[in-house]
Amino acid sequence: MEQRGVVLIGGGGHALVVAEALGESAEVVGFFDDAPDAPLRARFGYERLGPLNAIPPEIEAYFMLAVGDLALRRRLLAGPLGGARTFGITHRTASVSASAGVGRGVFIAPHAVVHAFATVGDHAIINTGAIVEHECVLGENVHVAPGAVLGGNVSVGRDTLVGLGSRVLPGVRIGVGCVIGAGAVVIRDVPDGATVVGVPGRMRI
Ligand code: JB3
């Protein structure tokens with residue numbers, strides 16, 4: 001199989017995980033990050049191609065977003081990465097149903113599960129061990145953090161962070177640009193832009 005060259009956008013902790021998951025399915029040809037001594041260079045020896053503001057407006061290589069911050073990811077997608085070709089990866093230990101729909105540039109981490117007829121929007125992160133149950137609908141640039149669980153038929157709007165180890169009951173609708181705090185248990189719908197913390201989940205202004 002021909003190996004594709006991929007440029008990673010970010011060279012921090014998230015990029016380490018993405019680079020390892022790429023494994024033999026793609027060759028990391030370099031990365032952009034503001035830190036000259038970013039972990040991706042220090043630990044794996046990959047070449048830093050420049051800071052984030054040096055990403056060429058019409059980057060020709062395949063890229064993969066590898067920073068965790070959702071606002072930064074959104075700015076990059078609205079800017080230099082707008083029309084670029086994107087690469088996605090599902091780790092070999094993840095379980096993705098054949099009936100699920102997975103968008104472009106999505107990262108599905110080790111031991112994550114995406115069940116029957118779920119759909120995952122472009123550039124989403126389904127992080128380590130997260131569970132996305134049947135028929136969930138996840139928007140673009142959603143991050144389901146490690147160990148979070150979405151029950152069946154949950155919907156999550158774009159640019160929302162579903163925090164570490166949180167739980168969302170079946171059928172709940174979460175809006176755009178929300179933050180679900182680590183360990184929260186979300187039992188009712190969440191409006192756009194809200195932050196929810198605690199058990200049961202409460203909205204914080
Ligand atoms: O929790 C887990 C499993 N992973 C986290 C991941 C989802 O997010 C991980 O532990 C980190 O907390 C975070 O990973 P990331 O994005 O690799 O972290 P960090 O090393 O802080 O950021 C990587 C690069 O993004 C930095 O070197 C900067 O170049 C850039 N960056 C991060 N925040 C930023 C900002 N750049 C700008 N301009 N503005 C920011 O706010």
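Order of appearance sets the numbers: ligands from 1, and atoms from 1 within every ligand.
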Counting from 1, what ligand 1 atoms have a heavy atom of H143 closer than 4.0 Å? 7 (C)
Assess A38 for proximity to ligand 1: is some non-hydrogen atom of it under 4.0 Å away? no
Mark up the atoms of ligand 1 that fall under 4.0 Å of a heavy atom belonging to P146, in ascending order. 3 (C)
Taking the six-membered ring of Y62 as reference, does the cationic atom of R85 (NZ for Lys, CZ for Arg) lie under 6.0 Å from its centre and within 45° of its axis? yes
Take the angle between the ring planes of H14 and F107 and call it parallel below 30°, perpendicular above 60°, tilted in between. perpendicular
Give a yes or no on whether the backbone of V102 and the side-chain of T119 come within a donor-acceptor separation of less than 3.5 Å. no
Distance to 0.1 Å, residue and atom name: give those for the protein heavy atom nearest to atom 39 (N) of ligand 1. R75 NH2, 3.9 Å
Given the rule in the side-chain contact (heavy atoms from CB on, under 4.5 Å) test, do R204 and V196 qualify, once you have shown the distances and angles that lead to the verdict? CA-CA 6 Å; R204 234 175 40 181; V196 173; over 6 Å; no
Would you say atom 17 (O) of ligand 1 touches the protein, meaning some protein heavy atom is under 4.0 Å from it? yes
Applying side-chain contact (heavy atoms from CB on, under 4.5 Å) to I180 and I174, what does each step give before you reach the verdict? CA-CA 9 Å; I180 307 302; I174 298 175; 4.1 Å; yes
side-chain contact (heavy atoms from CB on, under 4.5 Å) for M64 and I89? Distances and angles first, verdict last. CA-CA 9 Å; M64 186 154 180; I89 188 79; 3.6 Å; yes
Which part of I125 is near ligand 1, with near meaning a heavy atom under 4.0 Å away: side chain, backbone, both or neither? neither
So, regarding N127 and ligand 1 (criterion: nitrogen or oxygen to nitrogen or oxygen, under 3.5 Å), is there a contact or not? no
For atom 25 (O) of ligand 1, what is the closest protein heavy atom, and at what distance to 0.1 Å? V67 CG1, 3.3 Å
Is atom 28 (C) of ligand 1 less than 4.0 angstrom from at least one protein heavy atom? yes
Under 4.0 Å from atom 14 (O) of ligand 1, can you find at least one protein heavy atom? yes
Who's the nearest protein heavy-atom neighbour of atom 23 (C) of ligand 1, and how far? D33 OD2, 3.8 Å
Does the protein place any heavy atom closer than 4.0 Å to atom 31 (N) of ligand 1? yes
Heavy-atom count check: over 12 atoms from other residues, nucleotides or ligands less than 6.0 Å from R48 CZ? yes
the protein heavy atom lying closest to atom 38 (N) of ligand 1 turns out to be D34 OD2, 3.8 Å
Atom 6 (C) of ligand 1: which protein heavy atom is closest, and how many Å away? H14 CB, 3.9 Å
Shortest protein heavy-atom distance from atom 8 (O) of ligand 1, along with the residue and atom involved: G68 CA, 3.5 Å
Kindly indicate whether the side chain of L72, heavy atoms from C-beta on, has any atom under 4.5 Å from the side chain of L52. yes
Does any N or O of ligand 1 fall below 3.5 Å from an N or O anywhere on D69, backbone included? no
Please name the pair of heavy atoms, one in C136 and one in L150, separated by the smallest distance, quoted to 0.1 Å. SG-CB, 3.9 Å
Going by atom types only, do R158 and N141 share a side-chain donor-acceptor pair under 3.5 Å? no
Set out, in order, the CA-CA distance, both residues' side-chain angles and the distance that settles side-chain contact (heavy atoms from CB on, under 4.5 Å) for L16 and R43, then state yes or no. CA-CA 8 Å; L16 292 177; R43 295 193 181 275; 3.8 Å; yes
Before signing off on this row, confirm whether G13 and ligand 1 have an N or O atom pair separated by under 3.5 Å. yes
Is the shortest distance from a Lys or Arg side-chain nitrogen in D159 or R74 to a carboxylate oxygen in the other one below 4.0 Å? yes
Starting from atom 19 (P) of ligand 1, which protein heavy atom do you reach first, and at what distance in Å? G12 CA, 4.5 Å
Which part of L72 is near ligand 1, with near meaning a heavy atom under 4.0 Å away: side chain, backbone, both or neither? side chain
